[in-house]
Amino acid sequence: MKKFLFPVTSILFAFCLMITLLITSVEAVVYWFPGYFEREYAKYNVTETVNMTMEDLLDVTDQMMAYLRGDRADLHVRTAIGGVEREFFNEKEIAHMEDVQGLFLSAMALRRGCGVLMIVLLILFLVLKADFKRTVPKWISIGTGIFFGAAAIIAAVISTDFTRYFIMFHHMFFSNDLWILDPATDLLINIVPEGFFRDTVFSICCTFFLWAAAVLLLCLLPLCKYRKKAN
């Protein structure tokens with residue numbers, strides 16, 4: 001029974017860990033990387049496009065990102081555009097961002113669920129006296145490798161035609177067409193152009209792959225030590 005149980009639970013643990021790291025990679029890029037939005041806005045001349053100062057634009061961005069995490073009740077944000085104070089987001093943009101917030105909060109809930117499941121699995125490993133020098137690291141590394149490989153393939157496919165898969169993503173996760181914004185009337189699409197999303201996805205992938213590689217390394221180290229002792 002244990003011979004079957006440990007591989008299954010270890011691979012499940014690895015998948016939960018990878019999902020946690022992937023979601024955390026998204027959060028890290030857009031919340032933790034200092035000056036990320038400012039660099040992207042400068043790269044794509046966003047302040048000129050929307051006729052705003054960088055300071056005001058970053059303030060709007062802070063309010064928007066706080067809303068996505070549930071730290072702000074609404075997206076009625078007033079700011080100066082072209083020297084005139086007005087609401088930054090229109091009703092269509094606010095409705096779309098409500099959908100985005102729902103998606104983001106669902107991802108956070110999924111991460112918490114994965115965290116709880118990992119704790120349960122660790123307790124199970126301890127109760128069943130799992131071999132943390134060989135069996136558990138071996139199957140966690142296999143599970144990590146499977147998830148890592150699948151993610152790498154998906155990333156490679158997306159890179160061949162980012163626009164196509166960007167549109168597919170929206171069709172998959174949104175049940176309406178509110179995400180189809182008009183640059184002439186909707187400021188949101190002007191502050192986050194496609195290039196911004198392309199850069200962000202790339203940064204998320206790099207962050208995730210680095211963390212996944214670190215997990216693989218941590219799992220392989222005890223296996224290598226065990227084999228040296230065995231020899």
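What you see is a predicted model, and the numbers here were worked out from it, not measured in a lab.
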Check whether any side-chain heavy atom of [X] lies under 4.5 Å from a side-chain heavy atom of [Y], and answer yes or no.
{"X": "Asp199", "Y": "Tyr36", "result": "yes"}
{"X": "Ile81", "Y": "Leu187", "result": "yes"}
{"X": "Thr53", "Y": "Thr47", "result": "no"}
{"X": "His171", "Y": "Ile167", "result": "yes"}
{"X": "Phe162", "Y": "Phe197", "result": "yes"}
{"X": "Leu103", "Y": "Asp99", "result": "no"}
{"X": "Leu75", "Y": "Gln101", "result": "no"}
{"X": "Leu12", "Y": "Leu117", "result": "yes"}

Between atom [atom1] of [X] and atom [atom2] of [Y], what is the distance when rounded to the nearest 0.5 Å?
{"X": "Trp211", "Y": "Thr20", "atom1": "CH2", "atom2": "OG1", "answer": "11.0 Å"}
{"X": "Ile140", "Y": "Phe15", "atom1": "CD1", "atom2": "CZ", "answer": "12.5 Å"}
{"X": "Phe6", "Y": "Leu124", "atom1": "CZ", "atom2": "CG", "answer": "7.0 Å"}
{"X": "Ile19", "Y": "Phe208", "atom1": "CD1", "atom2": "CZ", "answer": "9.5 Å"}
{"X": "Thr61", "Y": "Asp56", "atom1": "OG1", "atom2": "CG", "answer": "10.5 Å"}
{"X": "Cys219", "Y": "Ile142", "atom1": "SG", "atom2": "CD1", "answer": "10.5 Å"}

Counting distance only, does the side-chain N/O of [X] pair as donor-acceptor with the main-chain N or O of [Y] below 3.5 Å?
{"X": "Asn190", "Y": "Pro183", "answer": "yes"}
{"X": "Lys92", "Y": "Ile180", "answer": "yes"}
{"X": "Asp186", "Y": "Ile189", "answer": "no"}
{"X": "Asp161", "Y": "Arg164", "answer": "yes"}
{"X": "Arg111", "Y": "Ser106", "answer": "no"}
{"X": "Glu85", "Y": "Ala80", "answer": "no"}
{"X": "Ser10", "Y": "Pro7", "answer": "no"}

Closest non-hydrogen atom pair, [X] against [Y]:
{"X": "Ala42", "Y": "Met54", "answer": "N-CE, 4.1 Å"}
{"X": "Ala130", "Y": "Val136", "answer": "CB-CG2, 3.6 Å"}
{"X": "Ile204", "Y": "Ser25", "answer": "O-CB, 3.8 Å"}
{"X": "Glu93", "Y": "Leu181", "answer": "CG-CD2, 4.4 Å"}

Inset, instruction - Walk me through it: do Phe166 and Val201 pass the test side-chain contact (heavy atoms from CB on, under 4.5 Å)? - result: CA-CA 10 Å; Phe166 181 72; Val201 169; over 6 Å; no

Compile the donor-acceptor pairs under 3.5 Å between side chains in residues 63-71 and protein atoms, sequence neighbours left out, one pair per line.
unit_1	atom_1	unit_2	atom_2	d
Gln63	OE1	Arg72	NH1	2.8
Arg69	NH2	Glu27	OE2	2.9

Do [Y] and [X] have ring centroids that are under 6.0 Å from one another?
{"X": "Phe37", "Y": "Phe196", "value": "yes"}
{"X": "His76", "Y": "Phe88", "value": "no"}
{"X": "His96", "Y": "Trp179", "value": "no"}
{"X": "Phe169", "Y": "Phe173", "value": "yes"}

Does Tyr44 form a side chain to side chain donor-acceptor pair (under 3.5 Å) with Thr49? I'd like the steps, not just the answer.
CA-CA 9 Å; Tyr44 294 104; Thr49 303; over 6 Å; no

(message) Distance alone, cut at 3.5 Å: any donor-acceptor contact between the side chains of Ser159 and Tyr165?
(response) no

Decide whether Thr79 and Arg86 meet the rule of one side-chain donor and one side-chain acceptor closer than 3.5 Å. no

Checking Ile23, Val215, Ile146 against Met18 for side chain to side chain contact (heavy atoms under 4.5 Å, CB included), the one that qualifies is Val215

Review point. With a cut-off of 6.0 Å (strictly less than), are more than 12 heavy atoms of other residues, nucleotides or ligands near CD of Glu55?
Key: no

- Item | CA sep, side-chain torsions, deciding dist, call: Met52, Val46, side-chain contact (heavy atoms from CB on, under 4.5 Å) | CA-CA 8 Å; Met52 295 176 64; Val46 172; over 6 Å; no

Are [X] and [Y] joined in one hydrophobic group, where the rule is that I, L, V, M, F, W and Y side chains link up if heavy atoms are under 4.5 Å apart?
{"X": "Val100", "Y": "Met172", "result": "yes"}
{"X": "Phe33", "Y": "Leu210", "result": "no"}
{"X": "Val116", "Y": "Ile11", "result": "no"}
{"X": "Phe13", "Y": "Leu128", "result": "yes"}
{"X": "Trp139", "Y": "Val120", "result": "no"}

Taken in chain and number order and not counting sequence neighbours, the residues that satisfy side-chain contact (heavy atoms from CB on, under 4.5 Å) with Ile123 are Ile119, Val127

